[in-house]
Amino acid sequence: MDTKERKDKTKKETKESRSQEFIHRLQTMHELRSSGTEPYPNDFRPKDTAKECVSNFDSLPKEELEARKESVKIAGRVVALRRFGKAAFAHLQDRTGKLQAYFKRDVLSEDEWALFKKIDVGDIMGISGTLFRTKTDELTVEAKELRLLTKGLSPLPEKWHGLQNVESRYRQRYLDLLVNPEVRDVFKKRTEIIRLIREFLNERDYVEVETPMMHHIPGGAAARPFKTHHNALGSDLYLRIAPELYLKRLVIGGIERVFEVNRNFRNEGVSTRHNPEFTMLEFYEAYATYEDLMTLTEELVCSLVQALHKSKKLTYQGTELDFTAPWPRITVKEAILMHNSEASEAIFTDKELALEYLAKVNPSLATGGEDLSFGKIILEIFEATAEDKFIQPTFITQYPLEVSPLSRKNAEDETLVDRFELIVNGFEIANAFSELNDPVDQRERFLEQTKERVAGDEEAQMMDEDFLTALEYGMPPTAGEGIGIDRLVMLLTDSPSIRDVILFPLLKQRTKEVREDEAENKTKEEV
RNA sequence: GAGCCGCUAGCUCAUCCGGUAGAGCAUCUGCCUUUUAAGCAGGUGGUACGGGGUUCAAGUCCCCGGCGGCUCACCA
């Protein structure tokens, strides 16, 4: 078979044209198999990891290490390969890190040397050998035996620059993880943060639960939901926008301290701070108030900052953030007055004046603003003028009643609720309140929401009779909180975009893929 | 949804006023038994995101579309 015939054969095997390197590797794979070397075996069991080798033996002096003839057996991906004719160095990367391997023609059998000559960067190998130190003092395993464990057909991105193309990094995250160590590090930290949060709550007697992702009535937050359909039940369902109403049912059921770390889905735009599916921690504690949760939040977040940065301070995108507690507690009203020197205090008592002021600070809401509730107007003024001014961790408290349909009314001022948000670097990290446990009041709040919904507010909440039924059995006085895990991880890992802390952020399907999928689906339908 | 920027070899990037599409790494051939962005010599590899237009000539200019990034808007 000449080269051209081989290329044609390869094109038939793979549905599109491939790079010369892919074709060459595919040929190598076929050659190995036909000469009796399985390119995808599964009988190799490594006994050691790169990290174990380093931590156990890297401290030994060269002579002592080599006298011990320490045998190791490791497996990993070839991420670098330097050949010298009759010898070669490679770096193998496993889940724990990298280890250099040395291959010498004298040491290996003829078959193994022949196999080694067919190894490419990106292949996965298994090696048995002894540890030694090179001239440059690097701990290295000298291969006595080697196996090809997986032949890689597609070449890895370049060793020096890694994978830079942002779109490729998100779409092919496996490559990003493989070649960009700092990306691996961010996701390790994400896992660690979630582990620490679980530990923190478990220590305080909280019980972790899982509640439904598919809701008949999407509730617990102001957001537009994704809609789906259950065929057998013949009913439309919504992906949850928050677990809140289910977690409260559990508090009613006697799980007095409960939490869930899981996904929420909100049908809204994407940005550096928003992904349609995102991870939220929600927790509820009976016999606590929102003030207790402020203290708890300080403890939780401080412990995370301390654990990851060995300090109470960290730098986020060039800004130093100091998490030393206590953090300022500022009411929405105070926050607005702080950052609007020209605003009169009358805007908090006169809806017309407030609306006038809002039109000034956010002209996009000038039309249709009359439909907004007083509370919504105040909140809009806060968001337009004050929210992003709070860089250091700050609790914003005392939110308007109308924008908090699940929160307990403030005892002194019934137009406000006992609620706070934690703002860091201008964005919301946490939202918490003393929960409304008066079922009659809750019903009225839902009715109020229903009216707003009819008036056109797609985010207003729906009446949830099943939840009201639960509340009517009695929920202990409870405080609850939600913490956006992705945003917290952004802060703790100095990541500029939420997409840098979500393994597979939502991206549009590419046109070519859409066409192929449509073609495939059509074929299936015809069959 | 709007504005700006980007999309060129497997990867990272050049191509200045429109004039034969280039480099480094990877790959291929040869040499090389302690290298680590190994080295030396030689070669292959391109539908320049897709489509249309202007032009003797388009990666480059214009229009339509796709995907991505950033900013804004939306969005707790």
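What you see below is based on every heavy atom in this structure, not just the backbone, and it leaves out hydrogens, waters and symmetry mates. Protein chains get the first letters and strands the later ones, always in sequence-line order, with residue 1 at the start of each. Since we're looking at a predicted model, the values are computed, not measured.
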I'd like to know if A/R68 and A/E70 make a salt bridge, using a cut-off of under 4.0 Å between side-chain N and carboxylate O.
yes

Please state the P separation for the pair B/G43 and B/A57 - nearest whole angstrom.
34 Å

Check whether A/E112 reaches the backbone of A/L146 with its side chain - one donor and one acceptor, N or O, closer than 3.5 Å.
yes

Ionic contact status for A/E260 with A/R240, cut-off 4.0 Å:
yes

Taking the C1' atom in each of B/U71 and B/C28, what is the distance between them to the nearest angstrom?
46 Å

Would you classify A/R499 as touching base, sugar-phosphate or nothing, given that sugar-phosphate means primed atoms plus P, OP1 and OP2, and contacts are heavy atoms under 4.0 Å?
sugar-phosphate

Taking the same atom, C1', in B/U12 and in B/C75, what whole-Å distance lies between them?
36 Å

Spell out, as yes or no, whether a donor-acceptor pair under 3.5 Å connects the side chain of A/N180 to the backbone of A/L163.
yes

With a 4.0 Å cutoff (strictly under), does any side-chain N or O of A/R171 reach OP1 or OP2 of B/G68?
yes

Rounded to whole Å, please give me the gap between CG in A/L81 and P in B/A37.
14 Å

Distance check, C1' atoms only: B/C40 and B/U35, in whole angstrom units.
15 Å

Could you check whether A/T272 gets within reach of a base, just the sugar-phosphate, or nothing at all, counting any heavy atom under 4.0 Å?
sugar-phosphate

Taking the six-membered ring of A/Y399 as reference, does the NZ or CZ atom of A/R419 fall below 6.0 Å from its centre and within a 45° cone about the axis?
yes

Nucleotide-level pairing of RNA chain B, given in dot-bracket where Watson-Crick and G-U pairs need both distances under 3.5 Å and | marks other strands:
(((((((..((((.....[..)))).(((((.......))))).....(((((..]....))))))))))))....

Side chain to side chain, A/L406 and A/F446, heavy atoms closer than 4.5 Å:
yes

Of residues 384-399 of chain A, the positions that come close to RNA chain B - non-hydrogen atoms, cut-off under 4.0 Å
none

Using a 4.0 Å heavy-atom cut-off, does A/A223 contact any base of the nucleic acid, only the sugar-phosphate backbone, or nothing at all?
sugar-phosphate

Could I get the full list of ring-ring contact (aromatic ring centres under 6.0 Å, His included) partners for A/F132, not counting sequence neighbours?
A/Y102

Using only side-chain N and O atoms of A/K104, determine if any of them is under 4.0 Å from OP1 or OP2 of B/U33.
no

Could you tell me how far B/C67 sits from B/A21 if I compare only their C1' atoms? Round to whole Å.
24 Å

B/U8 and B/A58: how far apart are their C1' atoms, nearest whole angstrom?
14 Å

By the 4.0 Å heavy-atom rule, please label A/G162 as base, sugar-phosphate, or nothing.
sugar-phosphate

How many Å lie between CZ on A/R83 and P on B/G39, as a whole number?
15 Å

A quick test of your reading: do over 12 heavy atoms of other residues, nucleotides or ligands sit less than 6.0 Å from CZ of A/R169?
yes

Pick the nucleotide of RNA chain B nearest each of A/H91 and A/Q172; which residue has the one closer to the 5' end?
A/Q172

Identify, between A/W160 and A/D120, the residue whose nearest nucleotide on RNA chain B lies closer to the 5' end.
A/D120

If you define the side chain from C-beta out and look only at heavy atoms, does anything of A/L372 sit under 4.5 Å from A/E402?
no

Provide the distance between the two C1' atoms, one in B/U27 and one in B/U15, to the nearest whole Å.
24 Å

Taking atom types as they are modelled, is there a donor-acceptor pair under 3.5 Å from the base of B/U44 to the side chain of A/Q20?
yes

Taking atom C1' of B/U33 as reference, at what distance in whole Å does atom CZ of A/F84 sit?
9 Å

Could you tell me how far B/U44 sits from B/C61 if I compare only their C1' atoms? Round to whole Å.
34 Å

Quick test of the criterion, 5.5 Å between centres and less than 30° between planes. Is A/F89 stacked on B/U35 or not?
yes

